[in-house]
Amino acid sequence: MILYFSGTGNSLAVARQLAEQLNERLMPLVETAGVDLTNEKRIGLVFPTYDFNLPPALPEMVARLNISPKSYVFTVVTCGSMAGNCIWVLRRILRAKGIELAYSHKVSVPDNSALAFGHNPNKQLGKFERVPARMEQIIRGLQAESHILHYSWFSVLSWLLGRPAVERGMIRALGPKLNAGKCTGCNICVRVCPMENIQLLSTLSDSGLVARTGDNCTVCLACVHACPQQAMSTNGKTTLKDRQYRHPDINMKDLFRR
């Protein structure tokens with residue numbers, strides 16, 4: 001079983017390839033609450049790094065997983081460059097459940113995070129040229145059920161950025177903000193948000209419905225990159241159309257919450 005979390009398709013694309021090559025099923029991590037996975041002999045966790053750490057929502061999702069300590073558990077993280085503390089933190093969460101992480105690796109992809117330092121993800125597509133070789137390496141390791149942890153070191157900077165108070169502050173500062181005047185109530189942001197953090201509410205304006213964000217944002221920026229009106233901003237800036245990103249092999253409907 002390949003469990004994934006993805007905002008703009010990078011991790012979904014990797015998870016799909018792993019599932020195809022390893023003959024495994026795919027399931028979004030957000031749908032695993034209460035699901036019995038103890039009969040799965042192999043569990044893969046695929047997700048992006050946010051600010052050199054796990055996406056804020058993932059520790060709880062991983063902690064509630066119902067998987068067997070006998071399963072071969074691995075992770076592949078997607079990131080702009082560095083995995084940060086992602087794998088180290090994941091290993092610690094799993095160990096608290098009596099589960100050992102057997103294998104880890106990373107895949108470098110266009111960086112579309114809120115802290116992308118002004119980089120345009122659509123100008124980083126050259127990173128995909130190196131992905132096939134990395135994926136081939138990863139798949140060989142997983143087929144052999146290798147036990148090796150790549151990029152699993154501890155970083156003090158990543159640890160500081162992951163402190164709850166710092167993380168909450170970053171979500172407040174960098175989380176998507178809606179420009180209600182641009183919103184047309186098209187419902188796309190509602191459907192792509194993996195956290196069910198956006199809903200359409202009726203208004204007294206001519207538009208009829210307008211999106212409203214809640215308090216459960218994990219800063220995946222799915223809404224920012226999907227909005228056809230560019231009505232979502234982050235870090236105080238509107239994400240223009242030429243900077244909106246989705247993995248080239250992933251359709252918008254692939255990202256819609258099921």
Side-chain angles (χ1 to χ4, degrees), residues 3-16 26-35 45-51 53-62 64 77-78 109-116 121 167-203 207-241 243-247 249-258:
L3 309 175
Y4 71 90
F5 181 87
S6 190
T8 56
N10 285 330
S11 293
L12 174 54
V14 169
R16 273 185 174 177
L26 271 177
M27 178 182 288
L29 266 164
V30 296
E31 296 180 7
T32 57
V35 177
L45 302 168
V46 184
F47 55 86
T49 61
Y50 291 173
D51 310 329
N53 284 289
L54 290 167
L58 253 69
E60 181 180 349
M61 293 182 192
V62 174
R64 74 188 183 200
V77 301
T78 59
V109 293
D111 188 350
N112 61 320
S113 71
L115 284 181
E167 195 168 73
R168 286 194 297 270
M170 292 180 71
I171 291 175
R172 286 195 298 271
L174 302 176
K177 305 293 190 301
L178 175 72
N179 182 341
K182 289 186 174 182
C183 180
T184 60
C186 71
N187 203 44
I188 288 178
C189 61
V190 176
R191 299 189 69 183
V192 299
C193 178
M195 303 304 298
E196 298 185 338
N197 189 52
I198 307 176
Q199 57 181 318
L200 290 183
L201 300 177
S202 59
T203 68
S207 62
L209 295 174
V210 70
R212 288 289 185 270
T213 56
D215 299 322
N216 196 33
C217 181
T218 196
V219 201
C220 73
L221 304 189
C223 59
V224 172
H225 289 281
C227 178
Q229 305 301 323
Q230 294 81 51
M232 291 286 186
S233 64
T234 185
N235 201 17
K237 299 178 181 179
T238 297
T239 299
L240 301 177
K241 187 175 181 62
R243 288 176 175 263
Q244 288 182 306
Y245 171 82
R246 185 174 69 251
H247 189 284
D249 294 336
I250 300 299
N251 297 320
M252 182 74 76
K253 290 183 179 180
D254 294 331
L255 297 172
F256 284 170
R257 193 175 62 251
R258 294 186 296 185

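No experiment lies behind these values; they were computed from the predicted model shown.
Shown here are the side-chain contact (heavy atoms from CB on, under 4.5 Å) partners of C227, two or more places apart in sequence or in another chain: Q229, A231, Q244. Here D249 pairs with nothing under the salt bridge (charged side-chain N to carboxylate O under 4.0 Å, His left out) rule; sequence neighbours left out. For D254, the side chain to side chain donor-acceptor pair (under 3.5 Å) partners at least two apart in sequence or on another chain are R16. Contacts of T78 classified as side chain to side chain donor-acceptor pair (under 3.5 Å), with partners at least two apart in sequence or in another chain: S11. Among residues two or more places apart in sequence or in another chain, the ring pair (Phe, Tyr, Trp, His ring centres under 6.0 Å) test is passed with H247 by F128. Looking at residues two or more places apart in sequence or on another chain, you find a side-chain contact (heavy atoms from CB on, under 4.5 Å) between T8 and N10, N112, H225, Y245.
Within the 3.5 Å criterion, the main-chain N or O of N197 finds no donor-acceptor partner in the side chain of Q199.
L58 contributes atom CG, which lies 8.5 Å from atom OH of Y50 (distance to the nearest 0.5 angstrom). Separation of atoms NZ (K182) and OG (S233) is listed at 8.5 Å; rounding is to 0.5 Å. Distance check, rounded to the nearest 0.5 Å: CD1 of I188 to CG of L255 gives 11.5 Å. The line from CG of L3 to CD of E31 is 10.5 Å long, rounded to the nearest 0.5 Å. In this structure, CG in L29 is found 11.0 Å from OG in S6, a value given to the nearest 0.5 Å. If you take CG on L178 and CZ on R212, they are separated by 6.5 Å, rounding to the nearest 0.5 Å.
The shortest non-hydrogen separation linking M232 to T213 is CE-CG2, 3.9 Å. Nearest heavy atoms, G7 versus A222: O-CB, 3.2 Å. Taking both residues in full, the closest heavy atoms of P176 and L221 are given as CG-CD2, 4.0 Å, listed atom of the first, atom of the second, then distance. When every heavy atom of P55 is checked against every heavy atom of P48, the shortest pair comes out as CD-O, 3.1 Å. Here the closest heavy-atom approach between residue L54 and residue P59 is recorded as CD1-CG, 4.0 Å. Pairing each heavy atom of T32 with each of P28, the nearest pair is CG2-O, 3.7 Å.
Checked against I198 for a side chain to side chain contact (heavy atoms under 4.5 Å, CB included), the options N187, V190, N216 give a single hit: V190.
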Can M252 and V192 be said to form a side-chain contact (heavy atoms from CB on, under 4.5 Å), step by step?
CA-CA 8 Å; M252 182 74 76; V192 299; 3.9 Å; yes
